[in-house]
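Here is how names work: the chains are called A, B, and so on, in the same order as the sequence lines, proteins then strands, and each is numbered from 1.
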There are 2 protein chains.
Amino acid sequence: MASRPVLSRDVIVAASIGLIDRDGPERFTLRRLGRALGCDPTAIYRHFRDKDELLRGIADELISDLTADLPRDAGWRAVVAESCVRLRRALVAQPHLAAFARSGPPLHPNEFALTERLLAELHRAGLASRAAAAAYHALIELTVGSAALDTAVEALTPDERVATYAGWRRAYSTLDPVAHPWSVAAADHLYDGTAEDRFRYALDRLLDGIGGVPSATPGP
Amino acid sequence: MASRPVLSRDVIVAASIGLIDRDGPERFTLRRLGRALGCDPTAIYRHFRDKDELLRGIADELISDLTADLPRDAGWRAVVAESCVRLRRALVAQPHLAAFARSGPPLHPNEFALTERLLAELHRAGLASRAAAAAYHALIELTVGSAALDTAVEALTPDERVATYAGWRRAYSTLDPVAHPWSVAAADHLYDGTAEDRFRYALDRLLDGIGGVPSATPGP
DNA sequence: ACCTGAACACCGTTCAAGT
DNA sequence: ACCTGAACACCGTTCAAGT
């Protein structure tokens, strides 16, 4: 009668991702996860040693299909940009992923795949090994930084997020215009749009600087 | 008799920095801070609205004198690069600062000074307010990311650092060359040189992409 | 074998009360 | 004016007990 195996690693990871998607990573607690799963919070300890191991499991899952369905026929620039945008989304969704990145390079199957794809595309752009490696590092640095700066704000509700950005803009716009003329002048454009928009702009400027041959993808 | 004004913003910030240096940012709680200060933890709420405001105060203190002796007569590009390199060094030296940056800009005097100087130089480069703001965000994202990726390695001794980088390179060079040809090919150039070297390269590429008028500084 | 529920040692924050 | 201390609503985690 009693359907026994309610919980499993996969079920817990899937529910965790759903919960993080809905409430943000900051509100992700084992107590809430237990409530979402309809079980006691401590039941999770039957499947994961502690919260950190669960977060690693989530991180692996979030990175798993990062390179899965990247366009095969797009230009190198579009593929590189899309890869970085996806990595950034994964990092924002799971801040502990960024903490892992801090302690070293990927060195895991899914992440080797991402590095390989980025290096391949940079070679396709015409960069030699040394320049490709340097460009790869630059891209990862920008992506990790953008994600790190965005994690806290991303945890807010859309309304709160808009209010937060507006508050920051206002802080710059109301500075003493004699001491901070350029901050006041630029205030309306600081923290404008979404964080991903700002990242895409930064990424475009970096890719401009990296150069490489024009993408072979057909123009608009 | 009773010496009344035991607490002040400065005293609290100084004690916080000491506590973070000693125990690490993860263990920094108001209850521990209260114990370190010899007062009730909630007394801090007399001087800071909440923990977040305290963290901003700490971050601003750690950033102080960053813009103090920046060259006045150098080209915009040199000043921007030097500012970012210094900010990166501060972030690497005080990893907790990066964690604070996540919760938003400090919105305090020293941070405002840095932002103002960067925006001013970007205007000097010929960028209008919107482009200057976007470029500013891009520079901060790259700087924070580079610092975040470097903190763990920077904590090692020089020998350990060299060994760590060599180990990472080896991880890439010994991948299956059929599945990861470009990783194997680029392995010798991954994590090459110092992290600051890599950052300077990335910064140069980003500044190339940002464009702007050529710096007025005399050439070498 | 798997899950529960009480318990422990923590958090940030509020607020009435003290001096 | 400044600080205390109890209280509230949370955390992650352990462990004996249930089924």
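For Lys51(A), counting side-chain heavy atoms from C-beta on, the closest listed nucleotide (dA7(D), dG12(D), dG5(C)) is dG12(D). With dT13(C), dC11(D), dT14(D) as the choices, the nucleotide that has an atom nearest any side-chain atom of Thr42(A) turns out to be dT14(D). In this structure, the nucleotide among dC3(D), dT13(D), dT4(C) sitting nearest to the side chain of Tyr45(A) is dT13(D). The Leu7(B) side chain lies nearest to dC3(D) when the options are dG12(D), dC3(D), dG5(C). Proximity note for Asp50(A) (side chain, C-beta onward) versus dT4(C), dT13(D), dG12(C): the nearest is dT13(D). Nearest nucleotide to the side chain of Cys39(A), out of dG12(D), dT4(C), dT4(D): dT4(C).
Using a 4.5 Å heavy-atom cutoff, the side chains of Ile58(A) and Leu55(A) are in contact.
Rounded to a whole Å, the CG atom of Asp23(A) is 15 Å from the C1' atom of dC10(D). Between the P atom of dC2(D) and the CZ atom of Arg9(B) lies a distance of 13 Å, rounded to the nearest Å. The interatomic distance linking Leu55(B) (CG) with dG12(C) (C1') rounds to 12 Å, in whole Å. One can place CG of Asp40(A) at 14 Å from P of dA7(C), the figure rounded to the nearest angstrom. The separation between Arg31(A) atom CZ and dT4(C) atom P is 14 Å, rounded to whole Å. Atom CZ in Arg27(A) sits roughly 15 Å away from atom P in dA9(D) (whole-Å rounding). As a whole-Å value, the separation of Leu30(A) CG from dC11(C) C1' is 15 Å. Ile44(A) places its CD1 atom 11 Å from the C1' atom of dC3(C), with the value rounded to the nearest Å.
Ion pairing of Arg56(B) with Asp52(B) is present here, as a side-chain N (NZ or NE/NH1/NH2) and a carboxylate O approach within less than 4.0 Å. Using a cut-off of 4.0 Å between Lys/Arg side-chain N and Asp/Glu carboxylate O, Arg32(A) and Asp23(A) are scored as salt-bridged.
When only modelled atom types and interatomic distance are considered, Asp40(B) and Thr42(B) share a side-chain donor-acceptor pair under 3.5 Å. One side chain, Arg88(B) or Ser146(B), offers a donor N or O that lies under 3.5 Å from an acceptor on the other.
Look at dC2(D): its Watson-Crick or wobble partner, with both distances under 3.5 angstrom, is dG18(C). With both pairing distances under 3.5 Å, dT13(D) is matched to dA7(C) as a Watson-Crick or G-U wobble pair.
As judged by a 4.0 angstrom heavy-atom cut-off over every strand, Arg32(B) is placed among residues touching the sugar-phosphate backbone only.
Nearest-nucleotide assignment on DNA chain D puts the 5′-proximal partner with Thr29(A), out of Arg46(A) and Thr29(A).
Contact check, His47(B) against dC3(D): a side-chain N or O comes under 4.0 Å of OP1 or OP2.
Note: Trp168(B) and Tyr191(B) have perpendicular aromatic rings, judged against thresholds of 30 and 60 degrees for the angle between ring planes.
dC2(C) and dA16(D) have their C1' atoms separated by 15 Å, with the value rounded to a whole Å. Comparing the C1' positions of dA7(D) and dC11(C) gives a spacing of 14 Å, expressed to the nearest Å.
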